[in-house]
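Below is one structure; the comments refer to it alone.
Letters go in sequence order (proteins before strands), and every chain restarts at 1.
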2 protein chains.
Amino acid sequence: MGRGQKVEYGQLRATVIEVSTEMVMAHGSTSLSIRKIAKKIGCAVGTIYNVFSNLDEIILTVNSTTLSELQSRLLADTGQKDDALAALIGLGQSYVAFCRENYNLWSLVLEHKLAPGSTLPEWHQQQVDDLFLLVTRMTAPLVADDNERAERAARVLWAGLHGICALAMSGKLDVVHAESAEVLAESLVRNYLLGLRAEDMV
Amino acid sequence: MGRGQKVEYGQLRATVIEVSTEMVMAHGSTSLSIRKIAKKIGCAVGTIYNVFSNLDEIILTVNSTTLSELQSRLLADTGQKDDALAALIGLGQSYVAFCRENYNLWSLVLEHKLAPGSTLPEWHQQQVDDLFLLVTRMTAPLVADDNERAERAARVLWAGLHGICALAMSGKLDVVHAESAEVLAESLVRNYLLGLRAEDMV
DNA sequence: GAATTTACTTGAACAGTGTTCAATAAAATT
DNA sequence: AATTTTATTGAACACTGTTCAAGTAAATTC
């Protein structure tokens, strides 16, 4: 078929993702380029465009497995907890730990900006939704009988944890003497949820 | 002096920043390039390198005025409030409003990553510190006698607000039916601070 | 006033980037 | 064996930031 030997579609895709993931993990998101991937695999740039429509699709695919692994981790770490507050604090700690341990891969997820006018692929959006649903389910017991408030709380906590991790990882929280992201995350989750409960008692 | 007419150093710097700011405001951070700036000004690329050492310094300078304007706004909006809780909620609202009204310029601030190994210029770091100090001062009355806790609260609130704005602006909080960043910011600030107070009463 | 030095602008050149596509070569089919 | 189909290739295009030798105009010196 080709000038060289035929490589199976799925196999090549897998190799591209594997190599890309390694590159990002080792040298950060800026080190990723089609030419470098091609060189590392040992094929021409055009060959990669045969199995991925562009670099963005490669990034999206790498990000997809990162999201999967975050979800697995959060599910594993927060499975066996009775106390809803303790469970959510644990969720925050897991999230922070994941960010720490997967700095470059998680940065790739956060840095991704979808082209204006386009939307995320459905399969990718579903992953984000699933992840968020996990948080919503965990906040539900704390604000019984009010689905809207549970969702709002989930959104605030999710965004808040994201903010802590984003600023902590980029060093932008290192004002004077930085506290660890773990301490801040616990403070956020505990006090926000305490506040929600206090609000109920008024 | 030059092949063309001499342009004063400070004047050229100002023009570069002016043009750059316009470009970012109008077409986003990705639209900024040395060549486009040069074309818009009507000079050669090298001329720009005469007054700025590289693109990063241009971005940093644009970001500096953005930070100044954010600080001015926060100071103006939160000046005349007695109630510390109300003042901090107002701060959150101001921050969200600023992000909304200056989306592209604020994105430029957030997207900036300093080259590994280097540190922010002192004058820029000072601006960030000042901004953060503003929040710390406002949290202080709420956790009297404990400077450490006040700082931690400031960090959590600052990071949390950042997370809400970042996710809301990038559309990543649009799960199912998104609530406005303003509502989420108020929920964060109010309940987190309520929680802090509740913690004291235990 | 003329010659020289100094200072600044210029844009081609370099090393990158993503993406496209005509040419090529090997496998599959006739 | 000839033909068709199909995947691979890498040069080419349009960008990017950055550098620097060459050129020019102003300032200085003689």
Side-chain angles (χ1 to χ4, degrees), chain A residues 1-17 19-20 23-24 26-63 104 107-108 111-118, chain B residues 1-17 19-21 23-24 27-63 104 107-108 111-118:
Chain A
M1 292 181 169
R3 193 140 88 195
Q5 54 277 58
K6 175 191 159 95
V7 181
E8 216 212 315
Y9 183 89
Q11 179 57 52
L12 180 55
R13 265 184 81 97
T15 308
V16 169
I17 294 306
V19 165
S20 301
M23 287 173 60
V24 172
H27 305 106
S29 57
T30 55
S31 70
L32 197 65
S33 87
I34 296 280
R35 281 177 169 82
K36 284 182 193 161
I37 298 172
K39 186 171 249 176
K40 208 151 197 170
I41 289 181
C43 68
V45 288
T47 307
I48 293 175
Y49 280 88
N50 244 26
V51 293
F52 286 101
S53 58
N54 50 35
L55 182 63
D56 203 64
E57 196 191 334
I58 297 177
I59 292 174
L60 234 51
T61 309
V62 172
N63 286 350
N104 284 333
S107 295
L108 194 72
E111 282 164 20
H112 182 263
K113 295 213 294 184
L114 48 89
S118 68
Chain B
M1 292 183 166
R3 195 142 85 195
Q5 54 279 56
K6 177 194 160 92
V7 182
E8 218 212 314
Y9 183 90
Q11 179 58 53
L12 181 55
R13 263 183 82 97
T15 308
V16 168
I17 295 306
V19 165
S20 301
T21 305
M23 286 173 61
V24 172
H27 304 106
S29 57
T30 55
S31 71
L32 197 65
S33 88
I34 296 279
R35 282 178 168 81
K36 284 182 193 161
I37 297 171
K39 187 171 246 177
K40 208 152 197 171
I41 288 181
C43 69
V45 288
T47 307
I48 293 175
Y49 280 88
N50 244 27
V51 293
F52 286 101
S53 58
N54 50 36
L55 182 63
D56 203 63
E57 196 191 334
I58 298 177
I59 292 175
L60 234 49
T61 309
V62 173
N63 287 350
N104 283 335
S107 295
L108 195 71
E111 282 164 18
H112 182 263
K113 294 214 292 184
L114 49 89
S118 67

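In this model, no side-chain donor or acceptor of A:Arg35 finds a partner on the base of C:dG16 within 3.5 Å.
In this structure, B:Lys36 places its NZ atom 9 Å from P of D:dC15, rounding to the nearest Å. In this entry the distance linking NZ of A:Lys39 with P of D:dT9 reads 15 Å, nearest Å. Across the protein-nucleic acid pair, A:Ile34 atom CD1 and D:dA12 atom P stand 20 Å apart, rounded to whole Å. At whole-Å resolution of the value, CD1 in A:Ile37 and P in D:dG10 are 17 Å apart.
Closest heavy-atom contact between B:Asn50 and B:Tyr9: O-CE1, 3.9 Å.
Looking at A:Glu111 and B:Glu111, their side chains never come closer than 4.5 Å, going by heavy atoms from C-beta outward.
Listed candidates were C:dT20, D:dG17, C:dA12. Nearest to the side chain of B:Ser33 is D:dG17.
The backbone N or O of B:Ile17 sits less than 3.5 Å from a side-chain atom of B:Thr21, completing a donor-acceptor pair.
Rounding to the nearest 0.5 angstrom, the gap separating the CD1 atom in B:Ile34 from the CG atom in B:Asn54 is 7.5 Å.
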The test is side chain to side chain donor-acceptor pair (under 3.5 Å); show your working for B:His27 and B:Asn104 and say whether it passes. CA-CA 8 Å; B:His27 304 106; B:Asn104 283 335; over 6 Å; no
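Ionic pairing of B:Glu57 and B:Arg13 is present here: one or more N-O contacts between side-chain nitrogen and carboxylate oxygen are shorter than 4.0 angstrom.
Remark: A:Gly46, A:Thr47, A:Asn50 in residues 46-62 of chain A come within less than 4.0 Å of DNA chain D through at least one heavy atom.
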